[in-house]
*Asks:* 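Please read through the structure below; I'll follow up with questions.
Side chains are part of it too, since the values below use all heavy atoms of this structure and drop only hydrogens, waters and symmetry mates. The sequence lines fix the lettering, A, B, ..., with proteins before strands; numbering per chain opens at 1.
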There are 2 protein chains.
Amino acid sequence: MSITREKILELGENLIRTKGYNAFSYQDISTEMGIKNAAVHYYFPTKANLGTSIVKTNIQRFEEMVENMHSLGFDEWKQLEAFIKIYVKSRRENKKCLVGSLGPAYNTLDGATQTELKKMIDIIMKWLTQILESGKAKNIFAFKEDTQSKALAIFSGLVASLQIHGIVEKVDYKTYSQSILDNLRP
Amino acid sequence: MSITREKILELGENLIRTKGYNAFSYQDISTEMGIKNAAVHYYFPTKANLGTSIVKTNIQRFEEMVENMHSLGFDEWKQLEAFIKIYVKSRRENKKCLVGSLGPAYNTLDGATQTELKKMIDIIMKWLTQILESGKAKNIFAFKEDTQSKALAIFSGLVASLQIHGIVEKVDYKTYSQSILDNLRP
DNA sequence: GCAAATATACTTACTAATAAGTAAAATTCA
DNA sequence: TGAATTTTACTTATTAGTAAGTATATTTGC
């Protein structure tokens, strides 16, 4: 795959995660890369196309991580820990996550982008629910709510706390993210 | 206060909460109201001005609600329940909350709007922390995490679950929001 | 091996639409 | 009347998107 294409995807993702989908333009990308905006259109004919590709790339990245964790024999605790680490890293880099960035703009997104975002959330939620379920069975996790609600609470908590932390620094993010795990301890 | 001004504020807030700050225009408001875009500029010279006013209105609304709950003698449980109800209502109306809508666009907002949004989050977080703290002391609530983290978890959970629920309907929102309270039961 | 054809990776130079914002005139209302 | 409100008629800037052209590789046919 082309290096230019890859760089556009990377820059586009960063722009979405720092300014939001409707606040970034092809000019932002082209200027940063020292190319013309038509060159960006060469790789991604429309902005919707670029947006969809960015979400697709993220789904792939997540699925590769899960596969990787399985092949490394990670247990449920270690898997959840690794997932939380993605958010700790995002916080450190002052970036929101893709779901939190695109979520509020959902109604303005192209149909294809909406479908991919929906798919992404679905994949993450399914994985998280399954991890919590089997972790509970093995007595690695303990919680009283139903698994779906617990999964949504954890995921939502990570997504929005990233946004809130980007605005007010109330609690240390590391402390907060650690409390998620502590709270699941049997 | 002018009825036109009030209607602009209301419409603006709805637009932010359904499309996001950077996706709505003065045209959206003026067309909907059957006036010209210059008339909107008469009340709110700039978009930043309108955005700031919308956040300020929301702060006021929240503070009035808290005052009202105090004068009605609501205990900590009832207060938290009332706060959660705001989110259940938003979900029913298919709207995100202001914090969740403006959060991802924070870096693109005007300085004054940023300040107000920061203030709003601060007020909500302080109130929530205090409710949890005194509720715990009275044995109305029980939780093991530190109060700040718990407050952030609850607030973040409400904010982002609204966004996620607007995209995928995994869990019934009522069930989810109920689990927040159930989880705090001693 | 080499010329012709074609694909790749762009640039130049636009267009059409929409954005925020403004100055001045017209209207409404008290 | 005079102040508040709203329209008319703009400007300026930016946006996504496109048509046409170019240099450089790469492939294909002979």
Side-chain angles (χ1 to χ4, degrees), chain A residues 1-55 101-102 104-114 116-117, chain B residues 1-55 101-102 104-114 116-117:
Chain A
M1 217 200 279
S2 151
I3 185 94
T4 308
R5 199 190 129 96
E6 300 238 331
K7 189 92 188 112
I8 294 171
L9 279 171
E10 191 194 318
L11 256 167
E13 185 183 324
N14 281 344
L15 285 163
I16 290 175
R17 293 174 60 190
T18 50
K19 305 174 69 176
Y21 183 79
N22 289 302
F24 92 89
S25 72
Y26 270 33
Q27 232 68 39
D28 290 335
I29 294 175
S30 59
T31 308
E32 174 80 30
M33 289 181 68
I35 56 174
K36 300 292 148 164
N37 96 80
V40 184
H41 280 284
Y42 170 75
Y43 288 99
F44 302 97
T46 65
K47 197 182 172 183
N49 195 295
L50 173 59
T52 308
S53 299
I54 289 169
V55 183
S101 299
L102 292 177
Y106 187 76
N107 296 328
T108 72
L109 298 177
D110 176 80
T113 315
Q114 289 183 333
E116 285 311 308
L117 186 59
Chain B
M1 215 199 280
S2 149
I3 185 94
T4 309
R5 200 190 129 95
E6 300 239 332
K7 188 89 190 121
I8 294 170
L9 279 170
E10 191 194 318
L11 256 167
E13 184 184 323
N14 282 343
L15 284 164
I16 290 175
R17 292 174 62 190
T18 48
K19 303 174 71 176
Y21 184 79
N22 289 301
F24 92 90
S25 71
Y26 271 31
Q27 232 69 40
D28 291 334
I29 294 175
S30 59
T31 309
E32 175 79 30
M33 289 180 67
I35 56 174
K36 301 291 147 160
N37 94 81
V40 184
H41 279 284
Y42 171 74
Y43 289 99
F44 302 97
T46 65
K47 195 182 173 181
N49 196 294
L50 174 58
T52 308
S53 300
I54 289 169
V55 183
S101 299
L102 292 177
Y106 188 76
N107 295 328
T108 72
L109 298 176
D110 177 78
T113 316
Q114 289 182 334
E116 286 310 310
L117 186 58

*Asks:* For residues 9-17 of chain B, tabulate all N or O donor-acceptor pairs below 3.5 Å that involve a side-chain atom, not counting sequence neighbours.
*Replies:*
unit_1   : atom_1 : unit_2   : atom_2 : d
Glu13(B) : OE1    : Asn58(B) : ND2    : 3.1
Glu13(B) : OE1    : Arg61(B) : NH2    : 2.9
Glu13(B) : OE2    : Arg17(B) : NH1    : 2.9
Glu13(B) : OE2    : Arg61(B) : NH1    : 3.4
Asn14(B) : OD1    : Lys95(B) : NZ     : 3.2
Arg17(B) : NE     : Lys96(B) : O      : 2.6
Arg17(B) : NH2    : Ser90(B) : OG     : 2.9
Arg17(B) : NH2    : Lys96(B) : O      : 3.4

*Asks:* Taking any atom under 4.0 angstrom from a heavy atom of chain A, which nucleotides of DNA chain D are the first and last to qualify, 5' to 3'?
*Replies:*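 First and last nucleotides in contact are dT15(D) to dT18(D).
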*Asks:* Can you pull out how bent the helix from dG1(C)-dC30(D) to dA30(C)-dT1(D) is, comparing the axes over its first five and last five pairs, to 10°?
*Replies:*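 Here the helix ends are tilted 20° relative to one another.
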*Asks:* Within this structure, what is the CG-OG1 distance for the pair Asp110(B) and Thr46(B), rounded to the nearest 0.5 Å?
*Replies:*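 Reported value, rounded in 0.5 Å steps: 6.5 Å.
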*Asks:* List the steps, then state whether side-chain contact (heavy atoms from CB on, under 4.5 Å) holds for Ile54(B) with Leu50(B).
*Replies:* CA-CA 6 Å; Ile54(B) 289 169; Leu50(B) 174 58; 3.9 Å; yes
*Asks:* Are Asn49(B) and Tyr43(B) close enough, and set up right, to give a side-chain contact (heavy atoms from CB on, under 4.5 Å), and what steps lead you there?
*Replies:* CA-CA 9 Å; Asn49(B) 196 294; Tyr43(B) 289 99; over 6 Å; no
*Asks:* For Gln114(A), which residues count as a side-chain contact (heavy atoms from CB on, under 4.5 Å) partner, sequence neighbours excluded?
*Replies:*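 Gln114(A) satisfies side-chain contact (heavy atoms from CB on, under 4.5 Å) with Tyr106(A), Leu109(A) only.
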*Asks:* Out of curiosity, Ser53(A) OG to Glu116(A) CD, how far, rounded to the nearest 0.5 Å?
*Replies:*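 The CD atom of Glu116(A) is 9.0 Å from OG of Ser53(A), to the nearest 0.5 Å.
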*Asks:* Looking at side-chain heavy atoms only, is the closest gap between Ile3(B) and Lys7(B) below 4.5 Å?
*Replies:*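 Side-chain contact under 4.5 Å: no.
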*Asks:* I need the CZ-P distance between Arg5(A) and dT8(C), as an integer number of Å.
*Replies:*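 Those two atoms, CZ and P, are 13 Å apart.
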*Asks:* Only pairs at least two apart or in different chains count here, so list each side chain to side chain donor-acceptor pair (under 3.5 Å) that has a residue in residues 26-36 of chain B.
*Replies:*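 Only Lys19(B)-Asp28(B) qualify under side chain to side chain donor-acceptor pair (under 3.5 Å).
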*Asks:* side-chain contact (heavy atoms from CB on, under 4.5 Å), that's the test. Do Phe24(A) and Ile29(A) meet it? Break it down for me.
*Replies:* CA-CA 8 Å; Phe24(A) 92 89; Ile29(A) 294 175; 3.8 Å; yes
*Asks:* Taking Thr18(B)'s backbone N and O only, do any of them form a donor-acceptor pair with Asn107(A)'s side chain (distance below 3.5 Å, no angle check)?
*Replies:*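 Such a contact is found between Asn107(A) side chain and Thr18(B) backbone.
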*Asks:* Which parts of nucleotides 13-30 of chain C does protein reach within less than 4.0 Å, heavy atoms only, written one letter per nucleotide 5' to 3' as B for base, S for sugar-phosphate only and - for none?
*Replies:* ------SSBB--------
